[in-house]
Amino acid sequence: MEHTDSGMSVELAILDALKFSPLAAADLKEHVLKRVTGLKDKPYKGSLGALIAAKRIHGLPKVGKNGKPTRTIEAYGLGAPPPSPPPAPPPRERAPKEILELLKVQALSPGDLKERLKKSVPGLAVKDLNAVLAELVESKQIYPHPKRGPKGPTKTIEKYGLEAPPPPSPSPRERAPKEILELLKPRALSLVDLKERLKESIPNLATKDLTAILAELTKTNQIYGRRKKDKNGKATTTIESYAIGGAPVDEFILPVLATWKEMRREAAAAGVRDQALVAALLDGLARDGVSVGHASPPVTQLDDSAIVLRGVRELVAREGHGALIPIRKLRGALNLPKERFDAALLGLYSSDTLILHHHDYVGNLSDAERNELVLDRHGNYYIGVALRGDQ
Amino acid sequence: MSGSNQDHALSSIANPFLGVVIQDVWQPLPLDVSSIQQNAFEQCLKGLDNVSAGKSDSLLIYGAPGAGKTHLISRFQQHLFATAKDAPDQALRCVFVAVRLQSSPTTLWQCVRQRLATDLLRQEQGISQLQRLIAHQIAAHVKEPPRKWVLAMRVLTSEGESVTEHLQSIAENLDLGRDVFVMLDHLVHRRYIFDATAWLKGDSLPEHVLSKLGVGADEGEEREEVARRVVTTLCRLAGETLPIVFCFDQLESLQRYPRDNDAFFRFGRMAADLADSDPNVLLISCVQSVFVDDLKTNMREADRDRAIRRYATLEPLTAAQSEELVRARLDSVPELKALRAKKIDPLFPIGTAYLNQLFQTSTRTPRKIIAKCSERFEELKTGTGIEVGPPEAVLESEYIERRRAALEQPPEDSTRTLTHGLPIAWFTFEKCKEFASLAALEASAADVVLRGPRGDFDVAICNERNMNSLAARFKKLLRGRSGPDVAGSVPIVLRHAALEISSGARKTREYLDELKRLGCRFIQPDAEALAALEALRSMISDARSGDLSARGETLEPTEVAHWLYIRTTPVLLPLLTQVESDA
């Protein structure tokens with residue numbers, strides 16, 4: 001390369017301008033033009049080219065929109081050009097880290113996430129983004145938050161976040177059974193009343209869902225639909241009211257017991273003893289396919305009722321007419337298993353054969369003391385038994 | 001509650017179910033359905049027939065809280081009144097004495113004495129029950145119709161004709177004793193009625209009053225024993241034409257703490273003595289079912305045979321009875337009755353279905369059915385449900401009312417407050433878990449035995465107005481100290497702060513100084529502390545008897561006690577601490 005004096009002074013001016021820091025191309029040219037008066041563009045470019053070739057300065061190319069260096073030199077610096085940086089990993093590889101960084105700040109909708117990634121990971125193909133998101137979800141590094149519809153979560157993803165979405169609040173269909181049981185706890189309700197009250201707590205419950213839930217609760221004996229009776233006392237298909245618990249056996253057996261009481265009185269007047277009457281009844285039931293065989297255990301509740309009633313009468317006879325027999329004492333005298341004893345006693349109370357006296361405050365009793373009492377399905381504890389005054 | 005339940009037609013109609021607990025047997029019954037507890041009622045009538053025929057009788061009525069024990073007694077009393085024209089004197093079938101046993105078991109006889117005297121002096125058709133008893137006795141003595149002598153009694157005055165001679169013969173026949181005879185003579189002839197009544201009740205009277213009445217001075221005799229003697233003496237006035245009926249309500253209130261079995265033992269002794277006093281005396285005792293076993297177990301067998309000859313159970317309502325009860329209440333309000341006439345449902349507005357459901361699930365007592373129907377009515381009326389505060393609000397209102405009433409009582413009445421209330425408060429404030437057997441008191445001149453950190457100690461309640469009586473009481477306490485057990489605890493003497501010891505009562509002061517010298521502490525609780533104690537005592541007693549309720553639900557005695565503990569601590573704790581210190 002041939003160097004002239006003026007060429008030398010231009011090169012020196014360039015090196016001097018860059019001695020402290022790189023300069024933008026325009027700034028460098030302005031700086032040199034001030035030092036070398038009358039300098040034309042061509043010799044200036046020639047000097048720049050000579051210095052670059054001698055590796056005394058280097059040009060810094062402008063980065064294009066795609067992140068790649070363009071042919072335009074943006075600035076110049078002293079010395080040989082710096083070694084070129086290692087090639088950037090492909091967008092597919094950069095994307096996971098970038099996604100996690102973005103979601104660290106806040107959960108983002110798929111649209112927002114895509115928009116932001118366009119800037120930080122340019123060139124990320126849509127299919128790559130979807131694959132990366134799927135991998136991150138799979139490895140539970142991020143969580144999709146599904147959009148909620150009126151019937152609960154949908155398939156559409158509302159946003160992605162680093163935290164799992166809160167558990168979805170149950171749908172009206174899911175909430176309804178518990179709510180129905182709560183509403184029926186204090187008292188039975190007609191279907192209209194029940195619907196009215198449910199409307200307040202679960203406004204969106206569909207009628208067909210309610211029907212299905214009531215059927216399910218009834219089937220599983222959690223609630224009982226009392227049927228309306230016609231003029232003759234026969235049950236119709238209309239449900240009059242719903243109540244908590246299964247169907248009360250008493251309701252069906254009460255008329256039977258009333259008839260039994262009447263017949264028993266007549267039988268006694270005719271000289272038929274209880275034992276014979278009960279035996280005949282058991283035979284009749286057995287013929288009807290009800291396994292209450294009198295020859296072998298298990299002993300039926302009917303037998304238990306007779307045993308309990310006899311026990312009460314014996315103790316009352318000992319204590320005096322009208323006396324209260326503590327259930328603890330009766331239980332001790334009869335030695336029946338607790339469940340059978342309790343069921344028999346409650347059955348006799350339901351049929352009005354004898355009366356039970358309740359205890360209003362059992363809170364102070366120990367578990368053992370409470371266990372000696374009889375508890376009905378409405379939570380009432382009974383402490384004593386007596387015969388009705390006319391018995 | 002859904003607003004859709006509101007029935008605007010009911011908005012101006014009074015709730016017919018308000019007011020569920022009958023507190024007093026003399027209180028007119030707002031409504032009575034005669035089919036309810038018919039059997040127990042007939043047992044009461046049978047009892048009266050028995051004693052009218054000179055055949056001793058006693059009846060134990062038991063039932064659940066809210067089953068209607070007090071209501072039944074009230075019905076019995078009002079039935080006797082309504083059918084009085086069938087009585088031998090065409091005015092009264094029996095002398096009726098109602099005793100709510102809110103008393104210490106140690107002062108049971110004094111409680112009965114006070115109640116008996118009060119009821120004997122209740123006026124009926126111009127003469128008291130006591131005058132009527134005496135008229136019947138004279139009639140039997142001279143073999144004339146009772147009515148003639150009842151009419152004669154109506155015109156007797158202190159200046160006119162006299163029946164003293166007849167009365168004297170009766171006193172001799174019945175062994176009434178001089179003091180009782182003198183007092184009956186005053187009361188029959190309407191002399192010194194106020195003071196003679198006070199004597200009959202067992203009040204402490206000044207010396208000059210006793211002198212005026214013509215009876216002996218109080219010499220510090222055991223008050224409970226004196227009360228026993230007066231009561232059993234007065235019972236001898238009962239006759240076939242005019243028996244005496246004692247109705248003891250709230251037996252469980254005698255207990256100083258849960259499972260205080262001494263209380264039932266004492267009641268058994270007292271009831272047996274009463275039953276023995278005269279065959280024309282009927283005893284009717286009411287207790288909650290839950291206490292029946294304890295009551296029977298803790299009485300002496302011999303006492304039980306006399307105090308409980310028969311039983312009557314208060315039965316849970318039948319479906320028909322509960323319907324009748326609700327219907328009667330609904331029809332008691334004329335506007336509602338008119339409105340109901342247009343409705344198909346016989347139980348409008350409560351509803352047959354609602355009642356059926358209630359009947360199936362509740363414990364079927366009248367109180368519960370009425371309370372639930374009250375809530376239902378209010379709900380239908382306002383659409384918002386009944387405005388009933390929490391149990392605490394009920395307790396606060398009860399407490400304020402009872403404290404106010406106690407502040408109006410004369411200071412002497414605090415004797416019962418202290419003898420009954422002090423052990424209850426002691427237990428409520430967890431000063432001890434149980435008390436010594438009452439047998440320990442038999443030999444003591446004290447009224448109450450409390451248990452402190454160093455063992456049991458005696459408390460004497462000395463509210464005597466009469467300085468001689470007070471001196472005699474102090475002397476008796478001193479004698480107790482000079483006995484063989486002088487090493488025992490020194491009694492603590494309690495006297496209402498408003499009851500002064502007069503400056504002229506020299507002997508009284510001397511004895512008190514001597515007691516103090518021996519280490520006795522003299523404590524004078526003020527009216528505020530005693531009013532709080534009275535409220536606590538009566539509320540816990542009512543709670544034990546199942547007579548404190550909110551919305552038809554009986555309030556648990558332990559909850560009531562806990563509430564009272566917190567409420568009364570600022571006023572009562574200083575008194576209890578003072579009693580406890582150095583004890």
Side-chain angles (χ1 to χ4, degrees), chain A residues 184-190 192-193 196-200 226 228 240-245 248 250-251 254 316 319-329 349-350 352 354-365 373 376-391, chain B residues 1-5 37-43 59-67 258-259 287-294 296-297 308-316 318-319 351 353-354 356-358 360-365 368 372 376 543-544 546 549 553-559:
Chain A
L184 293 177
K185 210 183 262 177
R187 66 165 194 248
L189 292 172
S190 68
V192 178
D193 277 352
E196 195 66 34
R197 283 161 196 245
L198 273 174
K199 221 185 246 177
E200 287 170 19
R226 187 185 302 278
K228 196 171 178 176
E240 188 178 60
S241 62
Y242 284 97
I244 205 110
D250 312 347
E251 196 165 295
L254 272 175
V316 167
E319 298 286 324
H321 182 82
L324 179 75
I325 307 302
I327 282 178
R328 174 181 43 79
K329 196 168 184 177
Y349 180 44
S350 295
D352 238 0
L354 43 74
I355 51 182
L356 295 181
H357 284 252
H358 70 268
H359 194 318
D360 254 4
Y361 26 88
V362 291
N364 288 342
L365 301 181
L373 309 182
D376 73 9
R377 66 193 178 96
H378 304 295
N380 303 312
Y381 280 91
Y382 297 95
I383 47 120
V385 52
L387 296 171
R388 278 212 173 265
D390 51 6
Q391 287 179 309
Chain B
M1 201 59 64
S2 166
S4 60
N5 279 342
Q37 312 305 0
Q38 176 70 17
N39 174 62
F41 177 68
E42 282 170 5
Q43 296 300 321
L59 182 65
L60 179 71
I61 298 175
Y62 62 87
R259 302 178 193 203
V287 72
Q288 272 185 62
S289 321
V290 73
F291 292 100
V292 170
D293 200 35
D294 280 347
K296 284 165 62 181
T297 312
I308 311 175
R309 288 179 202 271
R310 294 184 299 118
Y311 297 92
T313 180
L314 293 182
E315 302 173 357
T318 63
Y354 176 83
N356 283 344
Q357 172 65 19
L358 187 57
Q360 291 293 331
T361 55
S362 81
T363 43
R364 305 182 195 174
T365 61
K368 180 119 353 149
K372 292 291 171 199
R376 173 76 171 156
R544 281 199 195 128
S549 63
E553 303 291 343
T554 310
L555 296 176
E556 279 211 28
T558 46
E559 282 173 18

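For the numbers below, each heavy atom of this structure counts, side chains included, while hydrogens, waters and symmetry mates do not. These figures come from a predicted structure and were not determined experimentally. So that the names make sense, note that chain A is the first sequence line, chain B the second, and so on, each numbered from 1.
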Under the criterion side chain to side chain contact (heavy atoms under 4.5 Å, CB included), I'd like the reasoning laid out for Thr318(B) against Arg388(A): C-alpha separation, chi angles, the key distance, then a yes or no. CA-CA 11 Å; Thr318(B) 63; Arg388(A) 278 212 173 265; 3.7 Å; yes
Inter-residue atom distance Glu196(A).CD - Glu200(A).CD, 0.5 Å rounding: 7.0 Å
Proximity breakdown for Leu324(A) and chain B, heavy-atom pairs closer than 4.5 Å: both
Where on Ala319(B) is there a heavy atom nearer than 4.5 Å to chain A: the side chain, the backbone, both, or neither? neither
Given side chains that start at C-beta, do those of Tyr62(B) and Val287(B) come closer than 4.5 Å, heavy atoms only? yes
Do you know which two heavy atoms are closest between Ala323(A) and Ala386(A), and how far apart they sit? O-CB, 3.9 Å
Identify which part of Ala353(B) has an atom lying under 4.5 Å from any heavy atom of chain A, answering side chain, backbone, both or neither. neither
Can you tell which part of Val292(B) gets under 4.5 Å to a heavy atom of chain A, answering side chain, backbone, both or neither? side chain
Is it the side chain or the backbone of Gln288(B) that comes within 4.5 Å of chain A heavy atoms, both, or neither? side chain
Show your reasoning for whether salt bridge (charged side-chain N to carboxylate O under 4.0 Å, His left out) applies to Arg328(A) and Asp293(B). CA-CA 10 Å; Arg328(A) 174 181 43 79; Asp293(B) 200 35; 2.4 Å; yes
Checking His358(A) against Thr365(B): is there a side-chain donor and acceptor pair closer than 3.5 Å? no
Can you say whether Ile308(B) sits under 4.5 Å from chain A via the side chain, the backbone, both, or neither, judging by heavy atoms? neither
Considering only heavy atoms, which portion of Arg309(B) lies under 4.5 Å from any heavy atom of chain A: side chain, backbone, both, or neither? neither
Which region of Glu240(A), side chain (C-beta onward) or backbone (N, CA, C, O), has a non-hydrogen atom less than 4.5 Å from a non-hydrogen atom of chain B, or is it both or neither? neither
Is any side-chain heavy atom of Gln37(B) closer than 4.5 Å to a side-chain heavy atom of Ile61(B)? no
For Leu356(A), which atoms come within 4.5 Å of any heavy atom of chain B: side chain, backbone, both, or neither? backbone
